[in-house]
Amino acid sequence: MEAIRKQATKLREQVARQQQAVFKQFGGGGYGGSDNVVTDETELMLHQKLERLYISTRAAKHYQRDIVRGVEGYIVTGSKQVEIGTKLSEDSRKYGVENTCTSGNTLSRAAVNFSRARVQMEKERGNLLKSFGTQVAEPLRAMVMGAPLEDARHLAQRYDRMRQEAEAQVIEVSKRQAKVMDGSGNPELFARLEAAESKLQDLKSNMAILGKEAASAMAAVEAQQQNMTLQRLISMIESERAYHQKVVEILDHLEGEMVSERQRIEAAPPPTMETPPPPPPPPSYEQVNNTSTTPMQNGSNNGAHYFLGEAMFSYDAESDVELNLSSGDYVVIRKVSNNGWAEGECKGKAGWFPVEYVERRDRVLASKVTQVF
């Protein structure tokens with residue numbers, strides 16, 4: 001009996017030392033949120049590295065997706081701007097070609113120049129949007145949805161599951177050790193403990209291999225994400241910079257053309273307003289009382305036929321026998337003298353006025369005729 005007790009005590013001490021060794025290798029906290037994980041220094045560093053890589057690649061993936069969405073929105077909005085700019089260009093070209101202005105074609109030329117420049121700018125905008133799609137959005141979208149990232153994440157997830165399995169195996173080994181300590185040297189308990197420990201060692205070995213493989217894959221994906229995203233951003237900046245440079249060149253040229261047209265207008269003499277001809281000398285007393293008549297603007301006046309005329313200029317009477325006229329007044333003309341004077345009635349008053357101030361009107365609204373009397 002004494003020998004059995006000594007053997008049991010020795011066995012308990014051996015199991016306790018094994019248990020302490022096991023717990024040195026496995027402990028609390030780790031990848032995937034477990035509280036009991038391997039605490040081997042090398043494995044712990046690998047596990048922490050995988051956690052950082054997982055967070056880094058996930059954040060980069062979300063940023064790449066945000067860039068793709070932003071660029072796609074920019075393309076949609078820019079396409080609408082191209083459509084509006086093209087319509088404005090066509091309207092300007094149409095006005096310039098038709099040239100309905102009666103006093104010159106300066107604005108028409110400016111409209112044609114503006115139309116041409118707008119077409120060039122919208123073409124450059126279309127090229128910019130195309131480059132955004134092919135050089136930025138498509139490569140980043142392909143990387144977000146690509147196999148390398150998914151494969152690396154699957155490896156990391158497999159590693160996490162293996163760690164959880166190893167954690168469960170640590171607990172199993174601990175239970176086996178407790179049973180061996182209480183089993184009074186039962187060989188079957190020893191065999192089960194050895195099997196559990198062997199499985200734990202296999203899990204640890206496989207976990208180390210898988211962890212290194214997952215870390216290598218995740219690191220490669222992280223480097224690819226960083227380089228690809230930076231290159232696409234640089235490409236976007238270069239494309240937009242080239243676009244704005246070309247637009248500035250187009251606008252500078254257009255501004256030069258516009259300024260030239262404006263200077264041409266400012267240098268031209270102002271249009272002169274039509275002024276009435278100087279009135280002839282007023283009729284003499286004899287002419288007032290005995291006037292010979294002559295036809296006026298395809299009409300005749302023989303004392304029996306009156307006709308209607310419209311005052312084209314205002315005239316201020318200088319004597320009692322002359323008639324005041326305002327531009328637009330209608331006059332019943334009774335006589336036309338040979339010296340450039342005519343006698344008629346306007347607004348109930350009669351008198352003489354320069355015949356060149358009046359034009360004959362054969363067709364006049366009745367409302368205008370009533371204004372004469």
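Transitive grouping of hydrophobic side chains (ILVMFWY, heavy atoms separated by less than 4.5 Å) brings Val68 and Ile75 into a common cluster. Under the 4.5 Å side-chain heavy-atom criterion for Ile, Leu, Val, Met, Phe, Trp and Tyr, Trp352 and Met312 are members of the same hydrophobic cluster. The hydrophobic cluster containing Leu251 does not contain Val112, counting ILVMFWY residues as joined when their side-chain heavy atoms lie under 4.5 angstrom apart, directly or transitively. Under the 4.5 Å side-chain heavy-atom criterion for grouping Ile, Leu, Val, Met, Phe, Trp and Tyr, Leu155 is not connected to Leu46 through any hydrophobic cluster. Grouping the Ile, Leu, Val, Met, Phe, Trp and Tyr side chains by contacts below 4.5 angstrom, directly or via other members, places Phe313 with Val358.
The OG1 atom of Thr229 sits 3.5 Å away from atom CD of Gln64, with the distance rounded to the nearest 0.5 Å. Summarising the geometry, atom CD1 belonging to Ile84 is positioned 11.0 Å from atom OG belonging to Ser79; distances are rounded to the nearest 0.5 Å. One distance of note links CE of Met236 with CG of Leu128; it measures 10.0 Å at 0.5 Å rounding. Atom CD of Glu222 sits about 11.0 Å away from atom CD1 of Ile55, to the nearest 0.5 Å. Of the inter-residue distances, the one linking Leu129 atom CG with Tyr243 atom OH reads 8.0 Å to the nearest 0.5 angstrom. Between Lys349 atom NZ and Asn324 atom CG the span is 7.0 Å, to the nearest 0.5 Å.
Taking the six-membered ring for Trp and the full ring otherwise, Tyr315 and Tyr357 have centroids separated by under 6.0 Å.
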Legend entry - Full working for side chain to side chain contact (heavy atoms under 4.5 Å, CB included) between Lys49 and Arg52: CA-CA 5 Å; Lys49 180 180 180 180; Arg52 293 192 297 268; 3.9 Å; yes
Inset, instruction - Show your reasoning for whether side-chain hydrogen bond (donor to acceptor under 3.5 Å, both in side chains) applies to Thr86 and Glu122. - result: CA-CA 7 Å; Thr86 302; Glu122 298 309 330; 5.3 Å; no
Inset, instruction - Verify salt bridge (charged side-chain N to carboxylate O under 4.0 Å, His left out) between Glu90 and Arg118, making sure each step is shown before the conclusion. - result: CA-CA 9 Å; Glu90 179 60 25; Arg118 176 57 59 181; over 6 Å; no
Legend entry - Residue pair Asn206, Met162: steps toward the side chain to side chain contact (heavy atoms under 4.5 Å, CB included) verdict: CA-CA 8 Å; Asn206 293 334; Met162 188 170 291; 3.7 Å; yes
Inset, instruction - Give the intermediate values and the outcome of side chain to side chain contact (heavy atoms under 4.5 Å, CB included) for residues Leu200 and Lys204. - result: CA-CA 6 Å; Leu200 180 60; Lys204 179 181 178 182; 5.7 Å; no
Inset, instruction - Evaluate the side chain to side chain contact (heavy atoms under 4.5 Å, CB included) criterion for residues Val76 and Lys80: first the C-alpha distance (whole Å), next the side-chain angles of each, then the deciding distance (0.1 Å), finally the verdict. - result: CA-CA 7 Å; Val76 172; Lys80 185 63 177 178; over 6 Å; no
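In this structure, the side chain of Arg93 does not engage the main chain of Arg116 through any donor-acceptor pair within 3.5 Å. In this structure a side-chain-to-backbone donor-acceptor pair under 3.5 Å is missing from Ser216 to Lys212. Side-chain atoms of Ser92 never come within 3.5 Å of backbone atoms of Ala111 as a donor-acceptor pair (strictly under, hydrogens ignored). Side chain of Ser174 to backbone of Val170: no donor-acceptor contact under 3.5 angstrom is found. Between the Thr57 side chain and the Leu53 main chain, a donor and an acceptor come within less than 3.5 Å of each other.
Side-chain polar atoms of Tyr159 and Glu213 form no donor-acceptor pair below 3.5 angstrom. His253 and Glu249 share no side-chain donor-acceptor pair at under 3.5 Å. Using modelled atom types, one finds a donor on one side chain and an acceptor on the other under 3.5 Å when comparing Ser89 with Ser115.
In this structure, the side chains of Tyr63 and Gln225 stay at 4.5 Å or more apart for every pair of heavy atoms. With a 4.5 Å cut-off on side-chain heavy atoms, Leu308 and Val332 count as touching. Taking 4.5 Å as the limit, every side-chain heavy atom of Val119 sits out of range of all side-chain heavy atoms of Lys123. Side chains of Gln226 and Leu230 form no contact here, defined as non-hydrogen atoms less than 4.5 Å apart. Residues Arg153 and Arg58 have side chains in contact (heavy-atom distance under 4.5 Å, counting atoms from C-beta outward).
Between Cys346 and Val331, the shortest heavy-atom distance links the atoms CB-CG2, 4.1 Å. Nearest heavy atom pair, residue Glu310 against residue Gly328, reads OE2-CA, 4.0 Å. In this structure, Gly211 and Leu50 approach most closely via the heavy-atom pair O-CD1, 3.9 Å. Taking all atoms of both residues into account, the shortest heavy-atom contact from Leu254 to Ala117 is CD2-CB, 3.7 Å. Taking all atoms of both residues into account, the shortest heavy-atom contact from Pro148 to Val221 is O-CG2, 3.5 Å. Closest of all the heavy-atom pairs between Met258 and Phe114 is CE-CB, 3.7 Å.
Applying the 6.0 Å contact sphere to CD of Glu255 captures no more than 12 heavy atoms from other residues, nucleotides or ligands.
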